[in-house]
Number of protein chains: 2
Amino acid sequence: MPSKPQPPVTMDAVYAAPGYLFRRMQQIAVSIFMEECKEFDLTPVQYAALVAIHTHPGIDATRLSAVIAFDRSTLGSVIERLQAKQYVERKPSPEDKRIKLLHLTKSGAALLKEIIPAVERAQARMLEPLKPADRKSLMALLVQLVDLNNEASRVPLRAEDALEHLGKAG
Amino acid sequence: MPSKPQPPVTMDAVYAAPGYLFRRMQQIAVSIFMEECKEFDLTPVQYAALVAIHTHPGIDATRLSAVIAFDRSTLGSVIERLQAKQYVERKPSPEDKRIKLLHLTKSGAALLKEIIPAVERAQARMLEPLKPADRKSLMALLVQLVDLNNEASRVPLRAEDALEHLGKAG
DNA sequence: TCTAGATTGTCAGTATACTGTCAATCTCAA
DNA sequence: TTGAGATTGACAGTATACTGACAATCTAGA
């Protein structure tokens with residue numbers, strides 16, 4: 001067991017790297033979400049999209065991508081799948097022929113209501129191993145970090161902007 | 001501004017959900033990594049794989065997946081790409097015809113040395129917006145949470161086990 | 001020894017993610 | 001009004017991720 005200063009490249013350095021930990025935690029989070037929600041056949045991304053469409057009926061795909069900070073290209077196929085499952089409808093906009101407006105179907109709205117307890121169980125389980133005070137600290141730090149790093153991601157969150165163009169905020 | 005208790009489904013609930021924050025942070029982390037390392041044409045996953053192969057020369061793909069906690073199926077294509085870039089070699093094991101042993105090439109080892117400063121810049125940038133004390137708190141909580149949730153992921157980290165079978169820890 | 005069960009690498013299928021490109025469409029300024 | 005530039009949705013290409021299946025191979029027990 002050599003005890004001299006670590007050579008420049010070690011697994012310990014990887015295990016302690018923020019990027020590695022964020023990746024691991026994301027994988028764990030998805031795994032827990034899928035487990036709790038397996039009876040609903042809905043992914044975390046699809047859930048977020050459903051909530052956003054529910055909150056902003058008539059939103060278009062580009063603005064939806066800004067509201068949930070997901071890539072626009074990716075979102076296209078997400079919406080397709082939600083459409084295939086009959087949770088979402090797309091109607092051409094009468095005002096702008098490029099745009100397709102998104103609405104929840106009855107079935108989509110019903111699903112959203114039903115799935116909430118499972119989603120909340122999943123979110124709770126992700127933090128469960130920590131002490132309650134630590135959960136709060138972690139979430140506070142993470143909210144801060146994600147917010148301050150917003151511009152570093154390709155698709156920054158633009159919730160406000162997106163809302164304004166829908167005529168809901170002003 | 002309504003101040004009554006939030007209706008059951010809101011974007012605010014999504015924005016504050018651990019799963020959503022972990023996803024956003026992971027996307028930001030990848031984005032920063034790719035930006036700092038763009039001259040090397042290496043992804044975060046490929047980097048972790050290179051480090052693990054460097055640390056455990058002669059490891060096979062299944063054990064590699066345990067050492068970095070990545071899915072075995074996914075790892076196959078990651079290794080293929082590293083092989084195509086001439087950073088990694090695969091040789092059949094003389095003892096077990098199912099197994100292919102992994103080694104860094106000279107070019108792979110050289111790349112690993114060169115890329116370290118960029119990787120460290122990336123890791124630092126991810127946490128930069130936080131105060132130094134907060135960075136430490138966040139990392140400490142995250143290390144804890146990932147460790148305690150280890151079994152919740154499909155591919156739990158099994159660094160020790162994997163090492164033993166390579167005859168490096170006995 | 002012979003076979004049931006485990007392991008390894010691979011593959012097919014699905015679902016994010018991101019980059020870059022494109023045609024259709026819209027906007028706005030000259 | 002017309003044309004440059006922006007926007008929208010779609011697509012191709014690459015790279016994780018995970019599930020489930022499979023043949024080849026290895027291991028152990030009967």
Side-chain angles (χ1 to χ4, degrees), chain A residues 19-20 22-24 26-35 38 41-49 59-66 68-85 90-102 152-155 161-162 165, chain B residues 19 22-24 26-35 38 41-49 59-66 68-85 90 92-102 152-155 161-162 165:
Chain A
Y20 179 80
F22 291 136
R23 175 181 303 272
R24 287 275 288 136
Q26 212 267 321
Q27 286 173 358
I28 290 166
V30 171
S31 174
I32 291 174
F33 184 101
M34 295 304 282
E35 204 175 308
K38 59 172 174 287
D41 185 33
L42 206 67
T43 67
V45 169
Q46 288 169 10
Y47 171 76
I59 198 172
D60 62 285
T62 296
R63 258 176 274 286
L64 181 61
S65 99
I68 54 184
F70 289 163
D71 184 78
R72 218 183 38 167
S73 299
T74 307
L75 205 54
S77 55
V78 174
I79 292 171
E80 251 176 44
R81 281 183 281 274
L82 288 174
Q83 225 178 337
K85 292 180 195 173
R90 306 180 88 171
K91 296 178 209 163
S93 162
E95 294 174 5
D96 188 332
K97 287 178 192 166
R98 296 169 303 176
I99 290 181
K100 296 179 183 173
L101 305 177
L102 295 165
S153 61
R154 188 203 181 192
V155 188
D161 301 14
H165 293 280
Chain B
F22 292 136
R23 174 181 304 273
R24 287 274 289 135
Q26 212 267 322
Q27 285 173 358
I28 290 165
V30 171
S31 174
I32 290 175
F33 184 102
M34 295 303 282
E35 205 175 306
K38 60 173 174 287
D41 185 32
L42 207 67
T43 67
V45 170
Q46 288 169 12
Y47 171 75
I59 198 172
D60 62 285
T62 296
R63 258 175 273 287
L64 180 61
S65 99
I68 53 184
F70 289 162
D71 183 78
R72 218 183 38 165
S73 299
T74 307
L75 206 53
S77 55
V78 174
I79 292 171
E80 250 175 46
R81 281 183 282 275
L82 288 175
Q83 225 177 339
K85 292 180 194 172
R90 305 181 89 170
S93 162
E95 294 174 6
D96 189 331
K97 286 178 193 167
R98 296 169 303 178
I99 290 181
K100 297 180 184 171
L101 306 177
L102 294 166
S153 60
R154 188 204 180 189
V155 188
D161 300 14
H165 292 280

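In what follows, every chain begins at residue 1, and chains take the letters A, B, ... in the order their sequences are listed.
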Name every residue in residues 41-48 of chain B that has at least one heavy atom under 4.0 Å from any atom of DNA chain C, in order of residue number, or write none if there are no such residues. none
The side-chain hydrogen bond (donor to acceptor under 3.5 Å, both in side chains) partners of Q46(B) (sequence neighbours excluded) come to K85(B)
Note: L42(B) and F33(B) closest approach over all heavy atoms is O-CE2, 3.5 Å
Applying side-chain hydrogen bond (donor to acceptor under 3.5 Å, both in side chains), name anything that partners K100(A), two or more places apart in sequence or on another chain. none
Residues passing the salt bridge (Lys or Arg N to Asp or Glu O under 4.0 Å) test with R90(A), sequence neighbours excluded, are none
Interatomic distance where CD belongs to Q27(A) and C1' belongs to dT16(C) [whole Å]: 12 Å
Each nucleotide in nucleotides 6-11 of chain D should get exactly one letter: B, S or -. Can you fill that in based on protein heavy atoms under 4.0 Å? -BBBBB
Without decimals, in angstroms, what is the distance between M34(B) CE and dT14(D) C1'? 10 Å
Would you please name every residue forming a salt bridge (Lys or Arg N to Asp or Glu O under 4.0 Å) with K97(A), sequence neighbours left out? none
Which is true for V30(B) with a 4.0 Å heavy-atom rule: it touches a base, it touches only sugar-phosphate, or it touches nothing? nothing
Could you tell me the separation between the OH atom of Y20(A) and the C1' atom of dT16(D), rounded to a whole number of Å? 15 Å
Interatomic spacing from CG in D96(A) to CG in L101(A) - rounded to 0.5 Å: 9.0 Å
Grab the CG-C1' distance between D71(A) and dA15(C) for me, whole Å please. 14 Å
Within the 4.5 Å heavy-atom criterion, are I68(A) and L75(A) side-chain neighbours or not? yes
Would you check if M34(B) and P44(B) make a side-chain contact, meaning some heavy-atom pair closer than 4.5 Å? yes
Whole-Å distance separating the CZ atom of R81(B) from the P atom of dT10(C): 13 Å
To the nearest angstrom, how far is L102(B) atom CG from dG9(C) atom P? 8 Å
Write down the distance between CD (E35(B)) and P (dC18(C)), rounded to a whole number of angstrom. 13 Å
First locate atom CG of L102(A), then atom CG of L64(A), and finally report the distance between them rounded to the nearest 0.5 Å. 6.5 Å
Send over the distance from E95(B) CD to dT25(D) P, rounded to a whole Å. 16 Å
